[in-house]
Amino acid sequence: MEVKGRPDPVCPAETDEQPAEQEINEQMRIRLTKLEGLVGQGEDPFEQVEFPVTCYSCDILNDFAALEGQPVAVAGRLMSKRGMGKVSFCDLQDQCGRIQLFTKIDALGADRYAEWQRLDIGDLVGIKGTVFRTQRGEISVKTSGYVLLAKALRPLPEKYHGLRDTETRYRQRYLDLIMNPDVKDTFEKRSLIIRTLRQELDASGFIEVETPILHQIPGGAAARPFVTHHNALDMDLFLRIAPELYLKQLIVGGFERVYEIGRQFRNEGLSIKHNPEFTLLELYQAYTDYKGMMILTEQLIARTALEVQGTTQIEYQGKEIDLTPPFRRLSMTEAILQYTGIDFDQVQTDEAAGELARARELEDYRPVMKRGDVMNLFFETYCEKNLLQPTFIHDYPIEVSPLTKKKPDRPDLTERFELFIDGREYANAYSELNDPLDQRERFAAQLEKRLAGDDEANLLDEDFCVALEYGMPPTGGMGMGIDRLVMLLTDSASIRDVLLFPTMKPLRPS
RNA sequence: GAUCCACUAGCUCAGUAGGUAGAGCACCUGACUUUUAAUCAGGGGGUCCGGAGUUCGAAUCUCCGGUGGAUCACCA
C-alpha cells in the first residue's frame, strides 16, 4: 500500500531466501527426542501454564529455622545434577539464588524417578518437597513431587568456568545472566540506582515527565542524530539527542520542577564508554541556578552511592574515589592555569588564543575557532584526564554553551559546570538561558559554526524560541549520564557491562 | 574510521617443525540410597570464523573478508 516515501525497512521486500535450516547438533537431537517421548506420554512440558511457588531459594536459606520440616513449592532452572543411583542431588536456580534438591527413588516411585533422572541441566522445573538439612549440612529441599515446566533444548555453558566469551555474553545476555551471578547483580544495582534517583527527585518535589523521542529538529546538544522517516507525513524525523528544549518548555508552562530519565540517541562510534543509545537524566528547577544544581548533583550521586555501596568512599577500577559532598569546585580558567600555566584571563583575542594552540601543536585546533573554543580545547587536552576526584568545572566559555546564561560580570563566560570523575564527564548543568533575544543570537552563532563545517553545532529551534518569548523563570538545569554512573558504582570497565543489550554489529553482513 | 590481539566440540581451553583433531565439563550406556566441580567404567560428538593462495600435504604459513576485544579519533 506504499504510495510514496521509502520502502518500510521493517518489512523488507520478499526475497528468495529460505529460512536458514536450523543446525541440530547431537545434544539438541537427544533433548528433542526426550521431548517427543514426553509429548507421546501426554506430558508435554510446554502445556504447563502455572506453578504456585511458595518461596524462593533465598527464603529457604534465610529462614531455615522457621521452614525446617515445612512443605514448600519452588521453581527454577536445574543447574547441576549429581546422581547417586537411587538418590540424587540437583541445584535449582531461581531469581534470587540456588537451593539444593535431594530426590530419593522412594519418594517418587521407580518410573517417575527414572524420568527425573532423564531431566537435563537447563530444564525448568517446579518442585514440591520439604525443607531439611543434609548430613553434610547443606540446606535442601527433599523432593516429593515435580513438574517439568519447560524443556531446555540447548545445553547450558559449562558449570565450572561458566560463560566467558564476551561476544556471546553480549549477544545472548540471557546466558550471561543464567551463568554469571555478578552480571545479574550489576543489573539489579542499575535498577536500584535509577529507583533511588527517582525517589530522591520525587521527594524533592520534582515530577517525572515524558517528552518526544521523535524530533523534527534535533536540539539541546551538539551531536549527530539518527534519521528516520514518517511515511504518512512523508517527512524525516530525528531520534532525540537530548530532551532539553522540551523540558524547558514545561518550565515555561508552569511545571517548576521536572525530570526525565530516558534514552537518547547519538550517531557516533562505539567505545568502552559510548553506546549509540544511552540513558540520560535531565532535570530542570525554576528559581535556582547552576550553584543550586551543584548541590543537587552532589546529593544525587552521594545518595545513590550510599544506596548501592553503603558508602561514599568507593573504588573504581583500582582507584579510590571519595564521593562525599561537597565536591571540589574549580573554574575552567583556574583548571587550565593549574595544569598548563596559561591564564586565559590574559588572552584577549581569538588570534592570541589561536597562537597558543599553534604553539602547543594541538591537533584538533581549527583556524575558525574562537577564543572560547580554544579555551575549551585546552581544558579537554590538558585538564580532564587529571580530574580523578569529583570536581565541578565551572564557568564555561560562551562559544561552547549556546543554551546557557552569561555570567553577569563576564559576558565571555557562562554559568555552567560539568562534573568530572576519573577524567570522565558525569554531569552537565547550567543556569538556563531565558533571554529570548540572547537565545536567538546564540543560535545565530551556532549557525555560523555549522556553516564553517561543524555539523554538530546546534540548530535554531523556532518553537523553543517562541516559548522563551512567553517568559521562562530563571531556571537551573542538569543532565547526568546514567550508564556512566552505573559503571562508576558497579566498578564496571565498559559501558557494555551496564547495558543489557549493547549495540552490536550483525553477525553476517546483510 | 585506524592499529594491535583473538576466533578449534554445546561451554572452558590445549594443539607438536606444516603430516588424518585433543582434554575437562556437558551428552549417551552401565554401576552407585546423603552428594556438592560427586565418583568409577565405556561411548558418541568438529565447516579448526569464511574465502583464496603456497605446498605432495594447512587449525598451523601468506593474502582478502567477517565478528569480538583493547587502544586512538568524535562524543556523554
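Just so we're on the same page: letters track the sequence lines, and every chain starts at 1.
Atom CG of A:L32 is separated from atom P of B:C27 by 16 Å (rounded to the nearest Å). In this entry the distance linking CG of A:L119 with P of B:A26 reads 16 Å, nearest Å. Atom C1' of nucleotide B:C13 and atom CD of A:E158 are separated by 9 Å, given to the nearest angstrom. Rounded to a whole Å, the CE atom of A:M504 is 10 Å from the C1' atom of B:G69. When rounded to the nearest whole Å, the span between CD of A:Q135 and P of B:U33 equals 14 Å. The nearest whole Å value for the distance from the CG atom in A:L488 to the P atom in B:A76 is 18 Å.
Base pairing of B:A23: its partner is B:U12, meeting the Watson-Crick or G-U wobble criterion (both donor-acceptor distances under 3.5 Å). In this structure B:A6 sits in a base pair with B:U67, meeting the Watson-Crick or G-U test at under 3.5 Å. When both distances must be under 3.5 Å, the Watson-Crick or G-U wobble mate of B:G18 does not exist. B:G46 makes up no base pair with any nucleotide shown, lacking Watson-Crick or G-U wobble contacts both under 3.5 Å. With a cut-off of 3.5 Å on both Watson-Crick or G-U wobble distances, the partner of B:G1 is given as B:C72.
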| request: Evaluate side-chain contact (heavy atoms from CB on, under 4.5 Å) for A:I261 paired with A:T279, printing each intermediate quantity in order. | output: CA-CA 7 Å; A:I261 295 174; A:T279 301; 3.8 Å; yes
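Between B:G24 and B:G66, the distance separating the two P atoms is 38 Å to the nearest Å. Straight-line distance between the P atoms of B:G50 and B:A58: roughly 15 Å, to the nearest whole Å. Straight-line distance between the P atoms of B:A41 and B:A23: roughly 14 Å, to the nearest whole Å. Across B:G53 and B:G57, the matching P atoms stand 11 Å from one another, rounded to whole Å.
The side chain of A:K34 approaches B:C27 more closely than any other nucleotide in the set B:U12, B:C27, B:U34. The side chain of A:K505 lies closest to B:U67 when the candidates are B:U67, B:A76, B:A73. Closest approach to the A:E167 side chain among B:C13, B:U34, B:G68 is made by B:G68 (side chain taken as heavy atoms from C-beta onward). For A:V87, the listed nucleotide lying nearest its side chain is B:U33; candidates were B:U12, B:U33, B:A76. The side chain of A:R496 sits closest to B:A70 out of B:A70, B:C13, B:U35. Side-chain proximity of A:R266 to the nucleotides B:U67, B:C28, B:A76 is greatest for B:A76. Side-chain atoms of A:T166 lie closest to B:G69 of the nucleotides B:C27, B:G69, B:U35.
With a 6.0 Å radius and a threshold of 12 heavy atoms from other residues, nucleotides or ligands, A:R133 has its CZ atom above the threshold.
The aromatic ring of A:F89 does not stack onto the base of B:A38, failing the criterion of a centre distance under 5.5 Å from the six-membered base ring together with planes under 30° apart.
Residue A:L175 is out of contact with every strand shown, counting any heavy-atom pair closer than 4.0 Å.
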